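The model shown is predicted, which means the values in this text are computed figures rather than measured ones.
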2 protein chains.
Amino acid sequence: MDLSAVDYKALADFRHAIRSFLAFSEGKASEMGLTPQQHQALLAIRASQNGEATIGYVAERLLLKPHSASELVARLESISLLKRKPSEVDGRQYNLTLSAKAERILRELSATHREELRRLRPMLSEVLKQL
Amino acid sequence: MDLSAVDYKALADFRHAIRSFLAFSEGKASEMGLTPQQHQALLAIRASQNGEATIGYVAERLLLKPHSASELVARLESISLLKRKPSEVDGRQYNLTLSAKAERILRELSATHREELRRLRPMLSEVLKQL
DNA sequence: GCCATTATATCGTATTACGATATTTATCAA
DNA sequence: TTGATAAATATCGTAATACGATATAATGGC
């Protein structure tokens, strides 16, 4: 306990940094016709080990309820950014794979995001150090 | 350009870390009867230099449109967490000050958030280093 | 004093995650 | 094997909230 003005400022600055990053991200995703959630779902799937992504996995990584992830995936499938294939080991599950178009979009988004994070990194480190 | 599996994983992990922090934060704020936005508005105001916070300032720090900040502040005032006093230098502005209750709530929230960020710090540093 | 700008407010709308609930498949105990 | 429970995904109505469009009032440059 016992918080100083510096602590409040660091916490507020950290929030501002996160919001900046998310605003940047939302803008970039939007340019590619994606919502932030759609972008992050694609990223989570892409970053998973070869084709082992399921709807439940998306829910887990995005901290959503499974049925919310189900809706999100349905929207992505409806705009042809991913395909759901019934799992061969568990009839309840679907394996998710990105379409070529989604791969392309995500590659571009990831490149700009990596740059932006590199740009924000010093500021983030500094703020975290304050705590 | 040219992204590796490591890059995608780092980006995905960074998202997951942010989401974890925000989920933690939302839970704590909720325990105190606040929405995340209300919590962050209080924090931004508290962290500002003595009483110089205005609605526009909240908008700026939370990256909201001014009229959205206006709504947010109105909700906070309606539950007695802050007071709006007409600015003495500019008749269009309001100066915002936290109520004693808000001060108490924010102090507790800030303490737990500082702890959580200290806990997440190593992970965040590690992920940022990967990029 | 006029006009553009700034600060704040109001209202209707769109988005989206959720709760409640349902369906299908898997698992495990007896 | 059967039966019960749990897990994975889906559907639908709802609530929350930031936004766009628009408005009002105050400021400041000229």
Self-check item: Any residue of residues 12-30 of chain A with a heavy atom less than 4.0 Å from an atom of DNA chain D
Solution: none

State, yes or no, whether a side-chain contact exists between [X] and [Y] at a heavy-atom distance under 4.5 Å.
X	Y	value
A:Leu109	A:Leu34	yes
B:Glu115	B:Arg118	no
A:Val6	A:Lys9	no
A:Ser87	A:Thr54	no

To the nearest angstrom, how far is [X] atom [atom1] from [N] atom [atom2]?
X	N	atom1	atom2	answer
B:Ile55	D:dA18	CD1	P	14 Å
A:Asn95	D:dA8	CG	P	13 Å
A:Glu60	D:dA7	CD	P	13 Å
B:His39	D:dT17	NE2	P	15 Å
B:Leu62	D:dC19	CG	C1'	15 Å
B:Glu88	D:dA26	CD	C1'	16 Å
A:Leu96	D:dT9	CG	C1'	11 Å

Quiz prompt | Salt-bridge criterion met for B:Glu103 and B:Arg46 (N-O under 4.0 Å) | solution = yes

Exercise. Using a strict 4.0 Å threshold on nitrogen-to-oxygen distance, state whether B:Asp13 and A:Arg61 make a salt bridge.
Key: yes

Quiz item: If you measure only the distance, is there a donor-acceptor pair under 3.5 Å linking the side chains of B:Arg15 and A:Ser25?
Solution: yes

Quiz item: Without hydrogens or angle criteria, can the side chains of A:Ser4 and A:Asp7 be said to hold a donor-acceptor pair below 3.5 Å?
Solution: yes

Practice problem: Rounded to 10°, tell me the angle between the two end axes of the helix from C:dG1-D:dC30 to C:dA30-D:dT1, each built from five pairs. | Solution: 40°

Quiz prompt | Under 3.5 Å donor-acceptor pair, A:Arg92 side-chain atoms to D:dA7 base atoms | solution = yes

Self-check item: Proximal nucleotide (of D:dT11, C:dT8, C:dA9) relative to the A:Ser70 side chain
Solution: D:dT11

Self-check item: A:Asp90 side chain, from C-beta outward: closest of D:dT9, C:dT8, C:dT25
Solution: C:dT25

Quiz prompt | Base-contact (B) and sugar-phosphate-only (S) positions in nucleotides 14-21 of chain C, heavy-atom cut-off under 4.0 Å, - elsewhere | solution = --SBBBB-

Quiz item: Pick from A:Gln40, A:Gln38, A:His39: which one makes a side chain to side chain contact (heavy atoms under 4.5 Å, CB included) with A:Pro36?
Solution: A:Gln40

Quiz item: When rounded to the nearest 0.5 angstrom, what distance separates NE2 in A:His113 from CG in B:Leu3?
Solution: 12.0 Å

Practice problem: Count the heavy atoms belonging to other residues, nucleotides or ligands that lie under 6.0 Å from CD of B:Glu77, then report whether that count exceeds 12. | Solution: yes

